[in-house]
Structures are given as structure tokens and as C-alpha cells.
2 protein chains.
Amino acid sequence: MTKVDPRLPRYQQIRDDIAARIAKGEWRAGDAIATEAELSSSYGVAIGTVRRAVDELANDGLIERAHGRGMFVRRADFSTSLFRFFRLGTGDSRPVIPESRILSRSLETPSVETRAKLGLGRKDNAVRMIRLRMDEGRVLLREEIWLSARLFGPILDMEVEQLMPLLYPAYEQHFGRIVARARERLRVETASPDIALDLGAATGAMVVRMERLAIDHADMPLEWRISHGLADQFVYEVDVH
Amino acid sequence: MTKVDPRLPRYQQIRDDIAARIAKGEWRAGDAIATEAELSSSYGVAIGTVRRAVDELANDGLIERAHGRGMFVRRADFSTSLFRFFRLGTGDSRPVIPESRILSRSLETPSVETRAKLGLGRKDNAVRMIRLRMDEGRVLLREEIWLSARLFGPILDMEVEQLMPLLYPAYEQHFGRIVARARERLRVETASPDIALDLGAATGAMVVRMERLAIDHADMPLEWRISHGLADQFVYEVDVH
DNA sequence: GAGTGGTCTAGACCACACT
DNA sequence: GTGTGGTCTAGACCACTCG
């Protein structure tokens with residue numbers, strides 16, 4: 001087992017090792033991982049110990065267990081993201097992927113904050129994209145997306161179709177970078193002139209600002225995204241206990 | 001075991017039964033429940049099966065396990081509530097319970113919406129309280145609280161001190177009603193004149209509106225609460241994957 | 001029918017808390 | 001030391017999937 005803490009219980013070592021093997025790409029999203037029996041014999045532990053390890057991985061959403069079929073690497077779907085709380089005025093709740101329109105792509109000198117978020121050095125450049133998310137012709141969100149030019153520079157010259165409809169699969173397919181999770185932050189502000197223009201609203205309109213830092217399995221920041229949407233289309237729901 | 005589905009696996013039956021016994025008040029918040037060995041013999045299953053059941057209860061936050069000491073009924077602390085994302089301008093993050101000031105208590109005819117939320121009949125009255133949550137003299141939140149008059153009527157005549165600093169312990173102590181969980185909803189709006197006045201802001205200021213329906217173990221709604229706070233003091237953070 | 005995960009058992013031994 | 005929960009074993013049998 002590669003560099004797992006030997007003081008930890010065996011089931012945690014096994015959990016960490018399987019997670020590392022997935023992160024390393026030994027099993028990719030959608031793949032079936034080894035069976036319980038195989039893992040039991042290859043790790044040299046009882047099957048109950050393997051079960052304890054994979055139970056935790058399933059709980060954390062890293063794998064999915066399918067009775068009679070096997071255990072599969074789960075693709076991150078960000079179903080809990082703040083984005084899904086944006087609704088059109090009609091408020092019907094079909095789970096659609098809104099269509100995207102990329103307005104611009106450019107090479108920029110990032111701000112201090114963007115550099116900090118992406119872990120860039122003083123001289124590093126960054127790719128900036130502006131994208132609209134729409135549904136039935138109405139603009140839902142206006143997104144400002146920042147990427148390290150060193151990692152993602154070629155994205156500037158790619159065909160737009162290769163970046164549709166979702167960016168994360170494109171990051172994986174063309175750059176081998178897998179978004180494992182993200183940290184999101186939400187606040188309320190008034191729309192600046194360019195944001196208001198893109199959203200089809202008046203300058204100073206109430207907007208929700210969502211920031212997202214997307215991270216890979218090795219905790220490396222991949223993408224910094226600032227999204228704006230009209231506040232009156234936002235309803236967030238959560239259960240607490 | 002009282003009315004648990006016999007088609008379910010034993011460990012789930014046991015989990016449901018223990019949850020029911022807690023809900024029924026057989027063990028109260030802070031109490032130690034029976035030990036694994038006791039549960040194992042009283043339910044007539046192996047200790048591993050009991051462990052599976054209590055593991056799930058601990059995972060759901062209903063009990064806490066303490067190595068060498070026992071298993072304890074957890075008190076709901078609502079640490080994930082939207083409330084905790086309100087910060088003063090200074091943004092320091094000590095976990096304080098803001099002081100409360102109850103502005104009014106009255107018996108009212110509830111609106112159709114309030115009746116629906118609390119499950120009240122056409123002729124039922126309701127208790128309405130207005131409360132401010134403050135920190136260092138600054139108003140953080142303005143809360144409008146609705147309760148069934150049939151269940152909580154005597155609260156109108158109680159000493160204010162008995163309702164301080166938190167309401168949920170008072171519900172439990174004086175009325176035997178335990179808040180088990182809550183559903184919260186967040187949106188953004190502009191402040192009405194009375195809300196603006198209480199928050200010390202101008203009418204039309206951007207505010208965050210938080211609705212909360214608090215529920216007991218038997219899924220009965222206990223309290224309907226509408227809270228408002230200044231939007232520029234609100235920052236919500238969440239991890240997604 | 002062969003292979004997979006899901007449930008359950010009856011123990012052993014370890015680590016922690018209290019007195 | 002006694003009692004508690006935490007880890008781990010080596011099986012048995014069941015339920016589901018697929019060829």
C-alpha cells in the first residue's frame with residue numbers, strides 16, 4: 001500500500017489506499033473496481049474489513065455499490081451545488097443542464113486574489129472566460145471563469161464545441177485534470193454595469209454572487225469561478241438537525 | 001419492538017426501534033442509552049448487528065458514541081443552520097449565542113400560509129412573537145415566530161426570563177415538545193418598513209429572508225419562523241462533491 | 001449457474017474511561 | 001479491575017444480476 005498511515009486501523013488504511021488508486025487513475029469514473037473478495041485477498045484481510053472500508057467510500061460518494069454487479073467509481077455530479085437552487089420564474093423543477101454560451105476567452109494577468117485562489121506565482125498568466133448559462137432563451141447565470149494558463153493554456157484555441165455543454169468533462173478529456181470537489185461561497189450584492197448587461201437587468205439590481213474553487217484529488221486548485229444570477233430567482237433549501 | 005417493518009433487515013428494525021424509543025422519551029437528550037451488550041441480548045441478535053444499527057444512528061447525529069463510556073442521546077444543536085452564516089462587519093468567527101430581545105407576544109389569527117405550515121385548522125389561533133437577535137448592541141436578525149396557540153398558548157403569560165436565551169429548550173422544558181429537526185429556506189428580498197426599522201436600515205435595503213419550519217420526532221410542525229438579516233452581513237459557505 | 005454485494009453470527013482481542 | 005466501545009476474523013446464508 002502506497003504511503004498510508006500504518007498507525008490507522010486497517011480498514012482506514014484500505015479506504016485511503018483505494019481512494020488513492022482512484023485518484024491516481026487506476027480506476028476511472030464509471031469503472032468497476034476490484035470485487036470485495038479480490039480486495040480481501042489482495043490486502044490480506046477478512047472480507048468484513050474490506051466491507052467496512054468500501055462502506056465509507058460509498059458513504060463519501062467516491063464509489064457506488066450495485067448489488068450483484070460490483071462497485072463503481074462515481075462521477076462527481078455536484079448535485080448539491082448552489083447552482084441548482086436557481087429557478088426560472090415559473091418555478092418548475094425539471095433537472096435540466098442549462099445551455100451555455102461562451103462570450104469570451106482571453107489570456108490575462110490575474111489579480112492578487114485570483115493568483116491566491118489558483119496558487120499561481122507572481123509571473124503566471126491565467127485564462128479568463130466569460131460564459132452565460134441560459135434556459136429557454138433567458139439568462140440564468142453569468143460566469144467568470146479563471147484557469148492557470150500553464151495548465152489550461154491550449155483551451156484558448158480549442159473549438160467551442162469541445163467545451164460544450166460542460167467544462168469539467170473537457171478538463172478531464174483534454175487536460176487529464178479531474179475535478180474531485182469544490183468549495184462554494186454565496187453572498188448578495190448589487191450588479192455592476194457589465195454583469196447587469198449580461199443578465200439583462202438594471203445596474204444595481206440585487207444579484208447573488210457565487211464563488212467556487214474546484215479542486216482535484218490531490219487538493220490542487222483547478223478552476224476559480226465567480227457566478228452571478230438575479231437574486232429574485234434564487235431559493236435555497238436545506239434540512240438541518 | 002413497536003411497529004417496525006418486519007420485512008426490513010434486522011439492523012434497520014433495531015435502528016428504527018431505538019430511534020422511536022428516543023423520540024418517545026425513554027432516553028432523553030444527554031442520557032446514556034443501553035450498552036451494546038444489553039441491546040444485543042435484549043433484541044436477541046449478535047453484537048455486530050447492534051453495532052450496525054447504532055453506527056447509523058450515530059451517523060445521522062441522533063446519538064453520540066463515546067469510547068469506554070457509552071452511547072448518549074445527542075441534543076440537536078442546529079450547527080448547520082443558515083443562522084450561523086451571519087457575521088458582524090468585523091467578520092471574526094467566535095461561536096457565540098447572540099443575545100435575544102423579545103419585542104412582542106400576541107394571540108393572532110394566522111394567515112392561510114401560517115396555518116398550512118403549522119397544520120392548523122380554520123378556527124385555530126396562533127401565538128406570534130417578534131424577537132431580535134443582537135451581538136454587542138447591534139441587531140443581527142429580526143425574527144417573527146409563529147406557534148400553535150393550542151400547544152403553546154401559555155407562553156403568552158410566561159416570564160421573559162423563562163424564554164431566554166433560547167426558545168427550543170423552553171419548548172422542551174415547559175411544553176414537552178422536542179424540536180428534532182428543521183427545514184430552512186433562504187431567499188433575498190428588500191426590507192419592508194417594519195423590518196427595516198427593527199434592523200436599523202432603510203426601507204428597501206437588501207435583506208436575506210430565512211424561513212424555518214421546526215419539526216418534532218413525530219413529524220409534527222412545532223414552530224414556523226421567518227427571520228430577516230441584512231444581506232451584506234451574510235456569507236454562506238458549503239463544500240460540494 | 002456463477003459471481004457479486006447484503007446480512008448476520010459468535011466469537012477474540014484491543015483501547016479507552018472510570019474508580 | 002471492570003465495563004465500555006473499536007477493530008477484526010472466518011465463516012454461513014441470502015438476494016440480486018447477468019449470461
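Residue numbers begin at 1 in each chain, while the letters A, B, ... track the order of the sequences. Excluded from the calculations below are hydrogen atoms, water molecules and symmetry mates; all remaining heavy atoms, backbone and side chain alike, are included.
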Item to check | Duplex segments of DNA chain C, taken as runs of at least three Watson-Crick or G-U pairs that stay under 3.5 Å | outcome: C:1-18 with D:1-18

Item to check | Ring centroid separation A:Tyr168 to A:Phe78 under 6.0 Å | outcome: yes

Item to check | Any residue of residues 57-76 of chain A with a heavy atom less than 4.0 Å from an atom of DNA chain D | outcome: A:His67, A:Gly68, A:Arg69

Checklist entry - Looking at DNA chain D, which of residues 43-55 of chain A put a heavy atom within less than 4.0 Å of it? => result A:Val45, A:Ala46, A:Thr49, A:Arg52

Next on the checklist: For the CG atom of A:Leu118 and the OG1 atom of A:Thr114, what is their distance to the nearest 0.5 Å?
Outcome noted: 6.5 Å

Next on the checklist: Nearest 0.5 angstrom please: A:Glu144 CD to A:Glu211 CD, how far?
Outcome noted: 10.5 Å

If you define the side chain from C-beta out and look only at heavy atoms, does anything of [X] sit under 4.5 Å from [Y]?
X        : Y        : answer
A:Glu184 : A:Met210 : no
B:Arg177 : B:Glu223 : no
B:Tyr236 : A:Leu82  : yes
A:Val45  : A:Tyr11  : no
B:Val235 : A:Arg185 : yes

Checklist entry - Between A:Phe85 and A:Phe234, what is the ring plane arrangement, given parallel below 30°, perpendicular above 60°, and tilted in between? => result perpendicular

Checklist entry - Which pair of non-hydrogen atoms, one from A:His217 and one from A:Ala23, has the smallest distance, and what is that distance? => result CB-CB, 3.3 Å

Next on the checklist: Checking B:Ser81 against B:Arg212 for the side chain to side chain donor-acceptor pair (under 3.5 Å) test, could you report, in this order, the C-alpha distance in whole Å, the side-chain angles of both residues, the deciding distance, and whether it holds?
Outcome noted: CA-CA 10 Å; B:Ser81 164; B:Arg212 168 193 275 184; 3.1 Å; yes

Checklist entry - Under the ring pair (Phe, Tyr, Trp, His ring centres under 6.0 Å) test, which residues partner B:Tyr43, sequence neighbours left out? => result none

Item to check | Residues within residues 32-41 of chain B bordering DNA chain C, heavy-atom distance below 4.0 Å | outcome: none

Checklist entry - Quick check: does any side chain N or O of B:Glu56 sit under 3.5 Å from a backbone N or O of B:Arg15, one acting as donor and the other as acceptor? => result no

Item to check | Any donor-acceptor pair under 3.5 Å from B:Gln162 side chain to B:Glu159 backbone | outcome: yes

Checklist entry - Is B:Asp31 salt-bridged to B:Arg75, going by a charged N under 4.0 Å from an acidic O? => result no

Next on the checklist: I'd like the 5' and 3' limits of the part of DNA chain D contacted by chain B, with heavy-atom contacts below 4.0 Å.
Outcome noted: D:dG3 to D:dT7

